[in-house]
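As the structure is a computational prediction, the values presented were derived from the model and not from experiment. Just so you know, ligand 1 is whichever comes first in the structure, and atom 1 is the first atom listed for that ligand.
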Amino acid sequence: MKSLLIQGGKIIDPSQGIEAIGNLLISEGKISWRGKGEETPPRTDYDILNAKGLVVCPGFIDLHCHLRQPGDEEKETIATGTAAAARGGFTTVCCMPNTNPPLDNQATIEFIKSKAASEGIVRVLPIGCVSKGRQGEELAEMGELASAGVIAFSDDGEPVPSSYLMRQALDYSLAFELPIIDHCEEKALTEGGQMNEGIISTKLGLRGIPSAAEEIMVARDLALAQLTGGRLHIAHVSTEGSVDLIRRAKEKGIRVTAEVTPHHLTLTEERVIGYDTNAKVNPPLRTKEDVKALIQGLKDNTIDIIATDHAPHTEADKLCEFDLAPFGISGFETALGSLMSLVHNGDIKLANLIAKLTHEPAKIIGNRYGSLGTLATGAPADVTIFDPNLEWVVDTKDFASKGRNTPLAGERLKGRVMATIYQGSLVYKDGSIKVKER
Ligand SMILES: [Zn+2]
């Protein structure tokens, strides 16, 4: 493979505290050299990608997505999901085990790994179930799953209803040093719920999902993390109360990390007015106050990372009455564009946003798949190149994902992924990006 010099971009690598114009050389799938300003590498056998005016950063890592394979290939496959991930700037995606069958044993993990190797165009890291069949009754073979290479355990899509089972899972998380990713939902309060509970749900006549349904579970599992010393990761935090609980738990030294999605950071429950089923998501879009608290939590590191919760569905799935539509947003391809609004509004610094998409999730995954989320010399050459200021309109016909279910269709976003490099190969590039051979 010929070497590639990424020339003249603004290199931002939070893992090394770098934020400077420079050149980056990729050779044999690895980052091989970095130069400041116009400094060029000593060798000359490379192609050149002109990145002037663009940001060059580590490839994004998504700790939470749904690739739907095996079982729901009409919604997404590993091939289409990783193509969508590449368009969104993601070079590593961690897939949730709520497939059919669920990823609760070694054979299913091997299936994901082999499909990813043959059909995926970015790295796919599987997450194993907490409970057998995601039934919430007995623990899955966590040891077997850990040896098969899962990076975490989760029954995502459903909570772990039994405190006893969650306690056991957290105990095991210590043995394997792998986190339990927690979908926090007290089902007794969410049965039949369609959207955030409040004035708008009342006006629309839709059954509400109260913030308390999430916060009760966050509180319970923080208590269990304290009891066991286990590693807890709270998925898709959506409420101000959850942010407060996590902040206090961290102050007490409880081992917890947390994630927030682009949609919970940028959209509110008002999106549901008009009964747009593409704005139906679980946990639901919340209020302006919640969004403010989530942004604050992101800034003060109460919330460690941003994860998409990419949840593709077919058009037919969502073309129905609001009550009947499944939850979820297809998120890979709009993630950066929508998150950049936070930077343009002055809510968060660009380098901090990049950290939440690269170095911070890499820390949660750990080192078993090599050093991810960094442009350090010798690391896998996973690189995302984006234009922070380019405006574009979301056209779901352009999606690589089979899931066109997004409330952002037709919306103008500012900030666009221009090229994605995975292990030294250009797996996505915008038409305007030229690679000059020499
Ligand atoms: Zn979930």
Side-chain angles (χ1 to χ4, degrees), residues 62-68 71-72 75-76 81 93-100 102-104 125-131 133-136 140 150-161 165-166 169 179-191 193-196 209-222 232-239 242-243 245-246 256-265 267 278-286 290 294 303-313 317 325-332 335 361 364 403 405:
D62 191 0
L63 198 69
H64 186 151
C65 73
H66 301 273
L67 297 180
R68 306 297 191 204
D72 290 303
K75 293 179 194 274
E76 196 78 293
V93 296
C94 305
C95 60
M96 282 295 173
N98 62 335
T99 48
N100 188 16
L103 311 181
D104 68 351
L125 302 179
I127 295 166
C129 294
V130 168
S131 70
R134 299 176 60 249
Q135 297 297 306
V150 303
I151 54 103
F153 301 96
S154 184
D155 277 357
D156 184 56
E158 294 292 333
V160 175
L165 200 72
M166 185 52 109
I180 306 296
I181 302 182
D182 195 3
H183 171 112
C184 291
E185 177 178 349
E186 170 49 79
K187 296 285 267 193
L189 291 175
T190 63
E191 217 52 70
Q194 302 291 325
M195 65 170 297
N196 183 49
I209 298 173
S211 295
E214 175 173 314
E215 291 153 7
I216 286 167
M217 225 43 155
V218 170
R220 183 198 80 174
D221 292 340
L222 288 171
L232 182 68
H233 177 80
I234 311 278
H236 43 54
V237 174
S238 76
T239 79
S242 296
V243 176
L245 288 164
I246 296 163
V256 58
T257 52
E259 76 189 29
V260 60
T261 69
H263 47 271
H264 288 113
L265 283 168
L267 305 176
N278 288 323
K280 182 174 173 181
V281 65
N282 188 21
L285 300 175
R286 304 283 189 183
D290 292 305
L294 292 168
I303 298 177
D304 302 79
I305 68 165
I306 297 167
T308 67
D309 194 5
H310 175 74
H313 290 291
D317 289 336
F327 293 100
I329 291 175
S330 179
F332 283 149
I364 294 173
N405 48 305

_Between Thr190 and Gly193 (side chain of the first, backbone of the second, donor and acceptor by atom type, cut-off under 3.5 Å), is there such a pair?_
no

*Do Lys75 and Asp317 meet the salt-bridge criterion of a basic N to acidic O distance under 4.0 Å?*
yes

*Is it true that Lys187 and Glu158 make a salt bridge, defined as a side-chain N closer than 4.0 Å to a carboxylate O?*
yes

_Residue pair Ala307 / His64: nearest heavy atoms and the distance that separates them_ = CB-CB, 3.7 Å

_Give me the atom names and distance for the closest heavy-atom approach of Met96 to Thr99._
O-CG2, 4.1 Å

_His264/His236 aromatic ring centres below 6.0 Å_ = no

*Listing residue and atom name, which protein N/O/S atoms are closer to the Zn ion (ligand 1) than 2.8 Å?*
Asp156 OD1, His183 ND1, His236 NE2

